[in-house]
Amino acid sequence: DVKVTQSSRYLVKRTGEKVFLECVQDMDHENMFWYRQDPGLGLRLIYFSYDVKMKEKGDIPEGYSVSREKKERFSLILESASTNQTSMYLCASSPPSGREETQYFGPGTRLLVL
Amino acid sequence: LAKTTQPISMDSYEGQEVNITCSHNNIATNDYITWYQQFPSQGPRFIIQGYKTKVTNEVASLFIPADRKSSTLSLPRVSLSDTAVYYCLVGPANTGGFKTIFGAGTRLFVKA
């Protein structure tokens, strides 16, 4: 089974702090994603990476950056956390382009910015 | 990108069949239809995917009419544990999922 793990289930940070959210997948997937999920808004794509050191902006990249130095690890960085970044953050990975567009999700990190 | 429309919520009782319909009028020729399930405090998980006609697996069936402008996820004999949010996604193949969009989903509540 594919396993996607996220470094924390819950995080509490203060406004202005730099926040790192880590995601690791064990299936050698090329593609990795970061989403945030807010009530009534579904999942919104923040960033996407299709290879090591490669990244693409999603729908809401403002206030975030990402890092992919190794294939299995994709980090989301909040350079200066703000209260409007309080949310559930979900990481996902998917196999190389093909017919099955299945994304495998981690358990999520619930971030509270005070 | 094809936008999807699905009911915000549905209620059902244990043992009933549940059908959740998703509209995607602007679906493109190379788009696939995928459904995910999400339980509280968990990430979504893949349920089923199809391109046309009918697809069935151990969890659900997916019905897609010839015009492909809608699709119906069918859950046979639901149980309390099927209470979850169900997302319908439409997107092209060969993109690694990048061009798919998660909407707000349908919140299914199964009662005893």
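Residue numbering restarts at 1 for every chain, and letters A, B, ... go by the order of the sequence lines.
- Between B/Gln38 atom CD and A/Phe105 atom CZ the span is 8.0 Å, to the nearest 0.5 Å.
- Cluster membership for B/Met10 and B/Val59, using ILVMFWY side-chain heavy atoms within less than 4.5 angstrom, is shared.
- Closest approach of B/Tyr87 to A/Gln37, counting heavy atoms only: OH-NE2, 2.7 Å.
- Summarising the geometry, atom CD1 belonging to B/Ile47 is positioned 11.5 Å from atom OG1 belonging to A/Thr102; distances are rounded to the nearest 0.5 Å.
- The number of heavy atoms from other shown groups lying within 6.0 Å of CZ (B/Arg107) does not exceed 12.
- In terms of hydrophobic clustering, with Ile, Leu, Val, Met, Phe, Trp and Tyr side chains grouped at heavy-atom distances under 4.5 Å, A/Ile60 and A/Phe74 are assigned to a common cluster.
- Rounding to the nearest 0.5 angstrom, the gap separating the CD atom in A/Gln103 from the CZ atom in B/Arg45 is 16.0 Å.
- Across all their heavy atoms, A/Leu43 and B/Pro44 have their closest contact at CD2-CG, 3.9 Å.
- In the hydrophobic clustering of ILVMFWY residues, with side-chain heavy atoms under 4.5 Å counting as a link, A/Leu45 and A/Tyr50 come out together.
- The hydrophobic clustering, which links ILVMFWY residues whose side-chain heavy atoms are closer than 4.5 Å, places B/Ile20 and B/Leu80 together.
- Under the 3.5 Å distance criterion, the side-chain polar atoms of A/Arg9 are matched with a main-chain donor or acceptor of B/Ser41.
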